[in-house]
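Quick notes on the structure that follows.
Scope of the values below: all heavy atoms of this structure, side chains included, with no hydrogens, waters or symmetry mates.
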Amino acid sequence: MAEENGPSVFTDFPESTSTRFYSDVQANNNFHGSGLPGIKRRGQGHGSRSWIKIDEHGNSKILELDKATLMRHCSLPARDLRLLDPKFIYPSTILGREQAIVVNLEQIRCVITADEVILMNSLDACVLQYESELCKRLQINKDQPDGLPFEFRALELALELTCLSLDAQVKELELEVYPVLDELASSINTLNLERVRRLKGQLLALTQRVQKVCDEIEHLMDDDGDMAEMYLTQKKQRKEDYFNNDSYDQVDIYGKIRGAARSAPVSPASSTTGVHKLQRAFSNLSSSKHGSISASSNGQENIDQLEMLLEAYFVVVDSALNKLSSLKEYIDDTEDLINIKLANVQNQLIQFELLLTAATFVATIFAMVTAVFGMNLKTTVFDDPDGFDWTIIITGIFCLVLYIAFMIYFKHKKLLPL
């Protein structure tokens, strides 16, 4: 086949050129293949991940979806899906979008739509509990509806499990911190200080997580527009009603017009009547659109249901935050007590050093006198057999009086306890 169609492309080049071209291609492939692990080249696409899909009837199944498919299905930008990526660490976030709610609360990362929940598949206990509890509640509420739309029931369960998890962690930390602090207050040593330092780091990390959840809920309650965006079922129903009414009006109007066009010519009076009917139909269409828009605005204002739901869990998270604040204050009080004890010990050491310095000064005077008289000097003191003894006694009494004078002076200046 190569001989019939002429020489091959690569056979027209010299052998050295072909060899160099092949080596360049191989080097280029090696360059792209030897990059950092986990980094994908542009154009390779995004790998599929395992997701758990839970519908409004409580049925769950595992799906393999890539990011692009999930973006198209839920009408979400890529920056919102980054919140669900387990490779990234983002603070707790709740985002209301046109057709979905993006939830990133601790270990629960999911996308909630008007009729399904797409949950990040994981072996974490919170994820498994969320899946089983949501399926159970949805199956129970088939015959006994509780008045909440599907997206709010899914969001409520995510908030409930997150609050329970955070509250359990707060209680566990309290049970561990208080005995350690009491032990540290009674016995200050390196081991207890190291334990308190480790627990204080855990307290600060947990406080940041609880504070972020509290701030996110408070931000949603303060913004009516964000809460209105989360009414997915109402928006879906309004959209379906709008399209149904719009298509019905179009069929009614244009069907009558086309039917009249196919019939025989009519008189001017009848044509005038048809024009009036057409104008009346257009007025009905505009009034129906205006009614749908006003209903939408009323739905945006009616956010009491979601606000009460968020407020209930805001109270729980705020209570956990207050417990952490009390725990931090207890740690600060213990640190202040330890500093006071250390300062007291330091003051005692300073007082002892002051007494020791005064005694050393007096002893130095006594030693100086005895040293002077112990030298080989000609003096009349040694003519009397008891003269040196009296010298020692007088010097000792003088040193004692001097030391007592120092004590009185220190107490007068309040350098020593009374």
Side-chain angles (χ1 to χ4, degrees), residues 79-97 101-112 119-120 122-130 154-182 184 192-223 226-227 230 306-307 309-339:
R79 61 178 177 271
D80 290 344
L81 290 183
R82 279 198 297 268
L83 299 174
L84 308 180
D85 198 331
K87 296 181 180 179
F88 299 102
I89 300 176
Y90 287 100
S92 297
T93 308
I94 302 175
L95 299 177
R97 294 294 184 251
I101 300 174
V102 182
V103 177
N104 177 19
L105 293 174
E106 294 295 318
Q107 302 300 325
I108 301 176
R109 302 184 179 188
C110 61
V111 178
I112 302 173
L119 178 68
M120 178 70 70
S122 175
L123 297 178
D124 190 84
C126 292
V127 177
L128 299 177
Q129 185 179 4
Y130 180 83
L155 179 61
E156 181 185 14
L157 181 59
L159 290 171
E160 180 182 347
L161 294 181
T162 302
C163 292
L164 290 176
S165 176
L166 293 176
D167 190 64
Q169 295 178 37
V170 171
K171 291 180 179 179
E172 182 180 358
L173 190 61
E174 283 181 338
L175 294 176
E176 190 175 1
V177 167
Y178 283 116
V180 174
L181 292 177
D182 295 337
L184 178 62
N192 290 335
L193 289 173
E194 180 62 26
R195 293 169 64 186
V196 171
R197 185 194 64 82
R198 177 178 58 83
L199 293 175
K200 190 174 181 180
Q202 296 179 5
L203 173 64
L204 293 177
L206 183 58
T207 302
Q208 291 178 357
R209 291 161 50 198
V210 176
Q211 183 67 55
K212 182 56 183 175
V213 175
C214 185
D215 293 342
E216 190 66 24
I217 297 176
E218 186 177 10
H219 171 72
L220 285 176
M221 291 192 300
D222 292 340
D223 196 332
D226 288 346
M227 284 192 290
M230 300 173 71
L306 178 58
E307 189 173 5
L309 187 148
L310 294 175
E311 187 176 359
Y313 292 100
F314 176 77
V315 172
V316 178
V317 178
D318 188 64
S319 176
L321 191 61
N322 291 332
K323 292 180 182 178
L324 293 175
S325 300
S326 301
L327 192 59
K328 185 177 183 301
E329 291 178 358
Y330 192 78
I331 292 177
D332 294 338
D333 294 340
T334 305
E335 290 179 350
D336 294 338
L337 177 62
I338 292 172
N339 291 330

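Inter-residue side-chain proximity for Leu199 and Arg197 is flagged as unmet; no heavy-atom pair is nearer than 4.5 Å. Val111 places none of its side-chain heavy atoms less than 4.5 Å from the side chain of Val103. The shortest distance between side-chain heavy atoms of Ile94 and Leu159 falls below 4.5 Å. With a 4.5 Å cut-off on side-chain heavy atoms, Val213 and Ile217 count as touching. Met230 places a side-chain heavy atom less than 4.5 Å from the side chain of Leu155. Between Ile108 and Leu157 the shortest side-chain heavy-atom distance does not fall below 4.5 Å.
Counting heavy atoms of neighbouring residues, nucleotides and ligands inside a 6.0 Å radius, atom CD of Glu172 does not exceed 12 of them.
Between the Ser325 side chain and the Leu321 main chain, a donor and an acceptor come within less than 3.5 Å of each other. Tyr130 places a side-chain N or O within 3.5 Å of a backbone atom of Ala154 that can act as its donor or acceptor partner.
The heavy-atom pair separating Leu84 from Cys110 by the smallest distance is CD2-N, 3.7 Å. Among all heavy-atom pairs drawn from Asp80 and Val102, the shortest one is O-CG1, 3.8 Å. Of all non-hydrogen atoms in Leu161 and Cys126, the two that sit nearest each other are CD1-O, 4.1 Å. Across all their heavy atoms, Cys163 and Val316 have their closest contact at CB-CG1, 3.8 Å. The two residues Phe314 and Met221 have their closest heavy-atom pair at CG-CE, 3.6 Å. For the residue pair Thr93 and Pro91, the shortest heavy atom distance occurs at OG1-O, 3.0 Å.
Going from atom CG of Leu310 over to atom CD of Glu156 covers 10.0 Å, rounded to the nearest 0.5 Å. Atom CZ of Arg209 sits about 12.5 Å away from atom CG of Leu204, to the nearest 0.5 Å. Separating the CE atom in Met227 from the NE2 atom in His219 is a distance of 10.0 Å, to the nearest 0.5 Å. Distance CD/Glu218 to CD/Gln211: 8.5 Å, rounded to 0.5 Å. Interatomic distance, Ser92 OG to Leu105 CG, rounded to the nearest 0.5 Å: 5.5 Å. Atom-to-atom distance recorded for Lys200:NZ and Leu327:CG is 11.0 Å, nearest 0.5 angstrom.
The closest side-chain donor-acceptor pair between Ser165 and Gln169 falls under 3.5 angstrom. Donor-acceptor pairing under 3.5 Å is lacking for the side chains of Asn339 and Glu335.
Listed by chain and residue number, Lys171, Lys323 satisfy the salt bridge (charged side-chain N to carboxylate O under 4.0 Å, His left out) test with Asp167 (two or more places apart in sequence, or in another chain). Glu160 pairs by the salt bridge (charged side-chain N to carboxylate O under 4.0 Å, His left out) definition with Arg137, not counting sequence neighbours.
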message = One pair to check against side chain to side chain contact (heavy atoms under 4.5 Å, CB included): Ile101 and Leu95. What are the steps and the verdict?
response = CA-CA 6 Å; Ile101 300 174; Leu95 299 177; over 6 Å; no
task = Apply side chain to side chain contact (heavy atoms under 4.5 Å, CB included) to the pair Met120 and Val127, showing each step before the final yes or no.
result = CA-CA 8 Å; Met120 178 70 70; Val127 177; over 6 Å; no
request  = Decide side chain to side chain contact (heavy atoms under 4.5 Å, CB included) for Thr207 and Leu203; before the verdict, give the C-alpha distance in whole Å, the side-chain angles of both, and the deciding distance to 0.1 Å.
outcome  = CA-CA 6 Å; Thr207 302; Leu203 173 64; 3.9 Å; yes
key: Verdict with reasoning, Leu206 to Gln208, per side chain to side chain contact (heavy atoms under 4.5 Å, CB included)   = CA-CA 5 Å; Leu206 183 58; Gln208 291 178 357; over 6 Å; no
List the atom pairs, with distances to 0.1 Å, where a side-chain N or O of residues 173-182 and a protein N or O form a donor-acceptor pair under 3.5 Å, not counting sequence neighbours.
| unit_1 | atom_1 | unit_2 | atom_2 | d |
| --- | --- | --- | --- | --- |
| Asp182 | OD1 | Tyr330 | OH | 2.6 |

